[in-house]
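Just so we're on the same page: letters track the sequence lines, and every chain starts at 1.
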Amino acid sequence: MTKYQPSQIEPKWQKYWQDQGTYNFEYDSKKPYFYNLVELPYPSGDLHVGHWFAFVTPDVIARFKRMTGHNVFFTNGYDAFGLPAENAAIKRGIHPKDWTYANMESMTKQFQTLGTMIDWRFSLATCDPEYYKWNQWIFLKLMEKDLAYLGKALSNWCPSCQTVLANENVDGGKCWRCGSEVIQKEVSQWFYKITDYADKLIWPESPKVDWPMSVRVGQNNWIGKSEGVEITFPVQDSEHKITVFTVYPETIFGVTYLVLAPESPLVSELTTPECEAAVTKYVQEASKKSELERKSLEKQKTGCFTGRYVINPVNDQKVPVWVSDYVIAGYGTGAVMGVPGSDERDFSFAEKYDLPVIRVIGKSADDLSEVLSIEEALEEGILVNSSQFDGLKSPKEARPRIIEWLISQGFAKSKIQYHLHDWSISRQRYWGTPVPVIHCPTDGLVPVPEKDLPVELPYDVDFAPKGKPPLASDEKWLKVDCPKCGGPAERDAETLDTFMDSSWYYYRYLDPHYSDGPFNPEKVKQLMPVSIYFGGAEHTLGHTLYARFMTKFFKDLGLVDLDEFANKRVQHGTVLGPDGNKMSKSKGNVINPDDVVKEYGSDTVRLYLCFMMPYEAVGPWSQSAIAGAYRFITRIWDLSDNLSDSLPDKASLIKLNQTIDKVTGDLKSIKTNTAIAALMEWLNFLAKKPKLTKIEYKNLLLLLAPFAPHLTEQLWQDHFDKQSIHLQAWPAVDQAYLRDEEVTIPISINGKVRDSILVSSQKTGDQEAIEQLALERPKIQAYLKGQKPLKVIYVSGKILNLVIN
RNA sequence: GCCGAAGUGAUGGAAUGGUAGACAUGAAGGUCUCAAAAACCUUUGAUCGCAAGGUCAUGUGGGUUCGACUCCCACCUUCGGCACCA
């Protein structure tokens with residue numbers, strides 16, 4: 001008997017598959033296509049078992065699909081632009097490009113030791129000019145359709161470094177490099193008008209594609225369509241007006257104050273001289289808080305009176321105007337009406353600043369004085385204190401009536417508001433796709449002509465921020481002739497968000513060197529949509545929404561004929577360190593796959609990763625549990641010494657077919673952990689027998705092949721066939737051998753199991769006979785004490801329940 | 001705060017209305033060995049009992065049902081996301 005030594009067989013088969021082209025994908029429509037896609041990883045350089053966890057299950061599914069007769073397309077690339085490369089450059093003086101390419105090379109090598117069927121011939125890196133040329137092309141198309149524009153938005157700004165900071169580089173409100181206090185500053189940047197697609201991006205109740213409910217609900221909430229009205233309040237002693245958005249216009253008579261966002265331009269215009277000092281101070285303080293902080297500090301709302309009043313148009317009441325950071329400038333009009341009688345947040349604000357509270361929704365028509373609690377008020381009630389609208393049911397009757405009236409009086413107009421805002425697409429960074437726009441003093445914004453694409457990223461630039469984007473430091477690159485007038489002009493020095501890169505790469509995969517467009521439409525017709533898109537739950541709101549947007553835009557351009565890019569979305573969890581914490585270098589709990597592979601071989605690592613928990617779960621790596629996976633594999637290996645040519649007996653055939661059935665079903669629903677448990681159970685059954693038949697062993701290897709490709713290839717070619725096991729067909733279930741010959745039927749009394757009987761599986765449908773058998777049992781008789789059961793419930797083949805008093 | 005997901009033995013987990021704890025890890029005992037490791041065998045939710053057997057048990061509290069980890073209501077805790085990390 002030879003000993004199982006993965007280090008000897010694994011590299012050998014990896015080379016064999018490579019040489020034979022075992023996993024080479026060919027466009028050939030004889031079999032149905034299956035496009036297996038995993039989110040392309042960022043080449044951070046520290047590939048850890050988490051990456052493997054994300055990729056192993058998709059690889060198992062890809063192999064399973066292949067064996068069940070599909071032509072599977074499975075490749076992988078790199079999301080290679082981004083901040084970490086630039087951080088490394090700033091911290092350690094390595095050029096982002098060199099750092100990124102070195103990481104991609106080492107990660108690809110590590111990936112290959114995993115033994116996946118990824119066809120690397122279709123790989124791509126988003127930092128390759130051949131790729132980002134088409135990023136720029138898409139940008140120009142969006143610009144052409146008025147869907148890309150230069151606007152303004154608040155960003156983290158370090159006053160000392162004179163640069164915009166990513167959220168990640170803001171550490172407790174301080175700049176990660178110099179420690180200065182970070183403020184919110186309005187900077188100009190490019191946007192995509194994703195809001196034009198808001199309605200198209202809303203998921204219908206029952207979509208045609210299979211995406212998790214959590215994603216659909218999450219995205220719909222994120223898009224946050226709400227229908228309401230904009231109400232205009234004239235400012236007292238001023239020409240100004242303040243417009244607020246509300247979905248609860250029926251509470252208009254309960255307005256006791258108005259709030260402006262600190263960033264609203266109206267703040268400085270309206271604040272009276274006596275309040276100016278306090279308001280200015282307040283606005284400054286607010287600029288130090290992030291949006292999330294502002295939304296979080298629910299209990300400690302702060303604000304400042306501007307000294308100004310508006311007139312509530314419905315009743316001519318004087319209403320004070322406040323500034324508070326719980327109002328966000330970017331949402332709605334940047335101003336809200338305060339209705340403390342019907343909104344908890346407004347109520348706590350009013351309480352704190354001693355503002356009046358008017359209840360406008362009461363409990364019943366008989367007693368208009370009795371008001372509802374705030375939570376109940378917006379659900380259902382009767383309008384009170386609302387002039388001619390008193391007594392109307394709220395919101396059903398009151399809302400439409402009040403809206404109609406407000407509009408007819410010219411106080412308001414109806415408005416659909418989205419929570420989603422336009423996609424900020426440009427970054428003041430170096431390592432990204434240059435924005436293909438030229439700023440000309442005479443012609444303004446001039447798109448770079450298509451023939452001049454790509455606008456290549458220059459290599460030698462100064463990354464140290466000094467008030468302008470790094471690219472602006474390369475004068476030679478920056479200065480160009482305007483394509484329109486030929487006069488002196490400058491390139492846009494910003495780069496595109498990396499979410500742009502990752503929003504359409506799966507089209508490019510299909511023919512990554514295609515040169516007549518961003519992707520090859522013929523191949524897209526054949527392979528798209530993606531069959532399963534595997535990826536992280538953290539992309540629910542960002543990446544997958546952007547990718548859907550891109551597909552809808554391509555459809556409008558006539559480039560594709562798809563509504564959604566992926567038929568199915570599966571989200572994976574995370575592998576934590578052995579200590580239960582997130583793996584991180586600083587905690588020293590990172591498991592490097594190279595080390596585990598050296599000790600156990602990659603088949604064991606693959607098997608363990610598939611077995612440890614469901615794909616969607618989050619859980620710790622266990623150094624001892626992986627030994628169990630290794631034990632399982634060596635037991636399979638050792639069994640090969642004891643094979644017989646005889647035929648399996650009936651009980652063995654039943655177990656064999658039940659296992660095929662279970663593993664097949666589990667793989668169809670992507671439950672690798674229970675599929676492996678079924679294989680282990682079968683192995684425990686087989687190990688008890690003196691001899692193992694070849695038929696059983698053959699099927700065992702086939703079922704195990706997706707999980708442990710190297711081991712099964714070795715054993716297959718040693719014992720059965722010189723053609724690769726990965727080119728074999730998946731075992732079929734023989735329905736004749738699925739049911740056990742005898743089944744145990746539990747007997748319960750009042751729902752508690754007290755006994756059980758063994759029945760031939762033919763007879764499970766015969767309730768009378770089973771009931772008879774059950775009543776004959778002495779244990780059951782003891783419970784019945786001679787009485788007849790009040791009621792008998794029999795679930796065929798499952799349980800017999802007797803109800804007694 | 002808002003949105004989403006999850007809470008089951010010592011541990012990872014299984015069971016989506018029908019015998020809770022499959023499978024694995026760990027632990028305890030045993031076989032083999034001069035010894036150890038490996039391997040193999042047995043036991044392993046708690047509790048009462050000599051045993052037969054009983055009682056309790058799936059985050060907490062209620063409810064629906066002949067029967068609830070599973071469905072409904074309320075609450076608690078943990079995790080993920082919240083727009084410049086990818």
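No side-chain donor-acceptor contact under 3.5 Å links A:Asp497 and A:Trp190. A donor-acceptor contact closer than 3.5 angstrom links the side chains of A:Gln189 and A:Ser424. Remark: the A:Asp422 side chain and the A:Tyr149 side chain contain an N/O donor-acceptor pair separated by less than 3.5 Å. Side chains of A:Gln219 and A:Thr544: a donor on one and an acceptor on the other come within 3.5 Å. A side-chain donor from one of A:Trp431 and A:Thr100 sits under 3.5 Å from a side-chain acceptor of the other.
Note: A:Trp423 and A:Phe549 have perpendicular aromatic rings, judged against thresholds of 30 and 60 degrees for the angle between ring planes. Ring geometry for A:Phe111 against A:His51 counts as perpendicular: the plane angle is over 60°, on a 0 to 90° scale with 30° as the lower cut. Note on ring orientation: taking the six-membered ring where Trp is involved, the planes of A:His543 and A:Phe499 are parallel (angle under 30°, cut-offs 30° and 60°).
Taking 90° from 0 as the syn/anti boundary, the base of B:G62 is oriented anti.
With distances taken from any side-chain atom of A:Pro614 to the nucleotides B:G4, B:G13, B:A86, the minimum falls on B:G13. Ranking B:G18, B:A83, B:A86 by closeness to the A:His419 side chain, first place goes to B:A83. Side-chain atoms of A:Asp79 lie closest to B:A86 of the nucleotides B:C84, B:A86, B:G12. Listed nucleotides B:C85, B:G80, B:C23 differ in distance to A:Asn684; the shortest reach to its side chain belongs to B:C23. For A:Asn673, whose side chain is taken as the heavy atoms from C-beta onward, the closest listed nucleotide among B:A24, B:A14, B:A83 is B:A14. Ranking B:U19, B:C84, B:C3 by closeness to the A:Ile799 side chain, first place goes to B:U19. In this structure, the nucleotide among B:C84, B:A86, B:G13 sitting nearest to the side chain of A:Met613 is B:G13. Of the listed nucleotides (B:C84, B:A24, B:G12), B:A24 has the atom at the smallest distance from the side chain of A:Met680. Among B:U19, B:G81, B:C84, the nucleotide with an atom closest to any side-chain atom of A:Glu538 is B:G81. Here B:G4 is the nucleotide among B:G18, B:G4, B:U25 with the atom lying nearest to any side-chain atom of A:Val217.
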Please list, for nucleotides 46-54 of chain B, all pairs of protein and nucleotide N/O atoms separated by less than 3.5 Å.
{"from": "B:G54", "atom 1": "OP1", "to": "A:Tyr783", "atom 2": "OH", "distance (Å)": "2.7"}

Grab the N/O contacts between the protein and nucleotides 64-68 of chain B below 3.5 Å, and write none if there aren't any.
{"from": "B:C66", "atom 1": "O2'", "to": "A:Asn801", "atom 2": "ND2", "distance (Å)": "3.3"}
{"from": "B:C66", "atom 1": "O2", "to": "A:Asn801", "atom 2": "ND2", "distance (Å)": "2.3"}

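Annotation: side chain of A:Leu679 is in contact with side chain of A:Val663 (closest heavy-atom distance under 4.5 Å). Taking the side chain as every heavy atom from C-beta outward, A:His572 and A:Glu616 never approach each other to under 4.5 Å.
Annotation: B:G45 and B:G21 have their C1' atoms spaced 8 Å apart (nearest Å). Between B:G7 and B:U70, the distance separating the two C1' atoms is 14 Å to the nearest Å. B:A24 and B:C69 are spaced 25 Å apart, taking the P atom of each and rounding to whole Å. For the C1' atoms, the distance from B:A10 to B:G61 is 28 Å, rounded to whole Å. Remark: the separation of the C1' atoms in B:U78 and B:G59 is 10 Å, to the nearest Å. The C1' atoms of B:A68 and B:G29 are separated by 38 Å, rounded to the nearest whole Å. Across the C1' atoms, B:G62 and B:C76 are found 15 Å apart, a figure rounded to whole Å. Taking atom C1' in both B:A5 and B:A52, the straight-line distance is 46 Å, to the nearest Å.
Residue contacts shown for A:Ser756 are absent, as no nucleic acid heavy atom lies under 4.0 Å away. Using a 4.0 Å heavy-atom criterion, one finds that A:Phe499 contacts the bases of the nucleic acid, with or without backbone contacts as well. Residue-level contact check: A:Ile747 touches neither bases nor backbone, having no heavy atom under 4.0 Å from any strand. In this structure, A:Ala677 reaches the bases: a heavy-atom distance under 4.0 Å links it to at least one base atom across the strands shown. Across all strands, A:Lys582 comes closer than 4.0 Å only to sugar-phosphate atoms, never to a base (heavy-atom distances). Using a 4.0 Å heavy-atom distance criterion, A:Gln571 is classed as making no nucleic acid contact. Base contact: A:Thr744 has a heavy atom under 4.0 Å from a base atom. When heavy atoms are screened at a 4.0 angstrom cut-off, A:Val792 is found touching no nucleic acid atom at all. A:Ser214 comes within 4.0 angstrom of the backbone, heavy atoms only, and of no base. If you check every strand for non-hydrogen atoms under 4.0 Å, A:Trp423 touches nothing. Contacts of A:Tyr42 with the nucleic acid, taken as non-hydrogen atoms under 4.0 Å apart, involve only primed sugar atoms and P, OP1 or OP2. No contact: A:Arg216 has no heavy atom under 4.0 Å from any strand. Contacts of A:Lys688 with the nucleic acid, taken as non-hydrogen atoms under 4.0 Å apart, are absent. Contact annotation for A:Arg631: backbone-only contact, meaning every heavy-atom pair under 4.0 Å involves sugar-phosphate atoms and none involves a base.
Cation-pi geometry between A:Arg606 and A:Phe707 is not met at under 6.0 angstrom from the ring centre and within 45 degrees of the axis.
Computed from coordinates, the A:Trp621 CH2 to B:U11 P distance equals 21 Å when rounded to whole Å. Between A:Ile328 atom CD1 and B:C82 atom P there is a gap of 15 Å when expressed in whole angstrom units. For the pair A:Met500 CE and B:C85 C1', the interatomic distance rounds to 19 Å; values are reported in whole Å.
Judged by centroid separation below 5.5 Å and plane tilt below 30°, A:His421 stacks onto the base of B:A83.
Across all strands shown, the partner of B:C82 is B:G1, judged by Watson-Crick or G-U wobble contacts whose two distances both fall under 3.5 Å. Pair assignment for B:C66 gives B:G18, based on Watson-Crick or G-U wobble hydrogen-bonding distances that are each under 3.5 Å. Of all nucleotides present, only B:U31 satisfies the Watson-Crick or G-U wobble test against B:A39, with each distance under 3.5 Å. Judged by Watson-Crick or G-U wobble contacts below 3.5 Å, the nucleotide B:G7 has B:C76 as its partner. Across every strand in view, B:U44 sits in a pair with B:G26 that passes the Watson-Crick or G-U test at under 3.5 angstrom.
Along RNA chain B, the nucleotide nearest to A:Arg427 and the one nearest to A:Thr674 differ in position, and the one closer to the 5' end is contacted by A:Thr674. Judged by closest nucleotide on RNA chain B, A:Val215 is the one of A:Val187 and A:Val215 placed further toward the 5' end.
Using a 4.0 Å cut-off between a side-chain N of Lys or Arg and a carboxylate O of Asp or Glu, A:Lys655 and A:Glu681 qualify as a salt bridge.
For an aromatic pair to be called close, the ring centres must be under 6.0 Å apart, and A:Trp504 with A:Tyr131 satisfies this.
Side chain A:His543 to base B:A83: no donor-acceptor pair is found below 3.5 Å.
Contact check, A:Thr498 against B:A86: a side-chain N or O comes under 4.0 Å of OP1 or OP2.
Taken from CD1 in A:Ile194 to CD1 in A:Ile425, the straight-line distance is 9.0 Å, to the nearest 0.5 Å.
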